Amino acid sequence: MSVDLRKLRRIVVKIGSSLLVDSESGALRRDWLAAVSEDMAELKAGGSDVVVVTSGAIALGRTALGLGPPPLRLEESQAAAACGQIVLAHAYREAFGAQGVAVGQILLTIGDTEERRRYLNARNTLSTLLKLGVVPVINENDTVATSEIRFGDNDRLAARVAAMVSADGLVLLSDIDGLYSADPSADPAARFIPEVARLTPEIMAMAGAARSEISRGGMVTKLDAARVALAAGCHMAIASGLAAHPLRALAEGARCTWFLPEANPGTARKRWIAGSLKPMGSVTVDDGAARALAAGKSLLPAGVTAVSGSFERGDAVLVKAPDGSEIGRGLSAYSVADAARIKGHHSGEIEALLGYRGREELIHRDDLALRR
Ligand code: GLU
């Protein structure tokens, strides 16, 4: 076993439709859900944060509405998702409720993971839920997402979520126990791959286009997910969910494929902030703040002497020393207009100055990459 699941600090678990919904009757597999929820409650009790990304809305809604077999028309899938999502959310509430764990539902679209403002909102809500001990239960917002603006599969959604919450673990539970050199159902010589340290073209070519009956993602979307997860510094496992208690089994060393990142989520995020975001403006800080930042602190408005540029909340900005040299880059928690109003003031005055209670920090230390 290359990775100890129980040692991961924040784990996103993706649960596919084919595990949750019986392919013949279209009914929810409640006993299985109860068992996997117990596994997640155990991980939580062991100190890990747990986030669920679950499919199943469309499959359950199709059963509830008596719609025919797939493929459904787009508007039928959306109607099915609308009805099925309620059933799904209720089932999670019951399953986690039995473990004394609260759940909260979040429905996301691609835009929520791509547009900076919306990304930041979703990230804040998720981190607040986790702080409160809640297990967020996430699905794509299939009722409003049309084909052009859909993920369409929860493998990639789960990887974006893992990056968004700086998870260090992502487990894709599916009906296959890992990556093979070829499709094992078609090629008896297919080799099992226990560990992947780099997504080489050779590995990417192993995906083929295998798809199971009722879930959308095949190996292709799982390897796409791996690319996103590894870039975010997150370990990823493709593991079988077919048995009851699949996460307990995984923690005890069941066979799966682990994908290993080079960096940890914090470093990966800082690298992303330092390298790939275009700064939209700058904030200049005083000497005291510059020293505090060097000591690993967040940037508070009180230490800011000037702001410039045209940035929105969540945009990258340069952080400058009093002499104008660049100290680092970070994501601003305020727009340029609001930052200009609160600069030089104590965080306690933010609400009076802006009319709302925002974050205490102008740039949180997790969102700050210092130059070295
Ligand atoms: N979001 C879809 C649903 O809940 C499923 C997508 C997938 O199977 O990956 O039905």
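Order of appearance sets the numbers: ligands from 1, and atoms from 1 within every ligand. Everything quoted here is computed from the prediction, not taken from an experiment.
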Could you say whether the N/O atoms of [X] and ligand 1 ever approach to under 3.5 Å?
X: Leu88; value: no
X: Ile58; value: yes
X: Asn154; value: yes

Can you tell me which portion of [X] lies within the under-4.0 Å heavy-atom range of ligand 1? Options are side chain, backbone, both, or neither.
X: Asp142; result: side chain
X: Asn139; result: side chain
X: Ser17; result: side chain

(request) Answer with yes or no whether the hydrophobic clustering places Met204 together with Tyr180; edges join I, L, V, M, F, W, Y residues whose side-chain heavy atoms lie under 4.5 Å apart. (result) yes
(message) Do Thr200 and Ile203 have side chains that approach each other closer than 4.5 Å (heavy atoms only, starting at C-beta)?
(response) yes
(request) Could you list the atoms of ligand 1 found under 4.0 angstrom from a heavy atom of Gly56? (result) 3 (C), 4 (O), 10 (O)
(request) Can you sort out which atoms of ligand 1 are near Ser55, meaning under 4.0 Å from one of its heavy atoms? (result) 4 (O), 5 (C), 6 (C), 7 (C), 8 (O), 9 (O)
(message) Under 6.0 Å from the ring centre and within 45 degrees of the ring axis: does the NZ or CZ of Arg255 meet both conditions for the six-membered ring of Phe192?
(response) yes
(message) Would Ala81 count as a contact residue for ligand 1, given that I'm defining contact as a non-hydrogen atom of the residue lying under 4.0 Å from a ligand atom?
(response) no
(request) Could you tell me whether the side chain of Lys44 and the main chain of Gly133 form a donor-acceptor pair under 3.5 Å? (result) yes
(message) Within the 3.5 Å criterion, strictly below it, is a donor on Thr221 or Asp224 matched to an acceptor on the partner's side chain?
(response) no
(message) Could you check whether Asn154 and Asn139, counting side-chain N and O atoms only, form a donor-acceptor pair closer than 3.5 Å?
(response) yes
(message) I'd like to know if Lys222 pairs up with Asp155 as an ion pair, taking the criterion as any Lys NZ or Arg NE/NH1/NH2 lying under 4.0 Å from an Asp or Glu carboxylate oxygen.
(response) yes
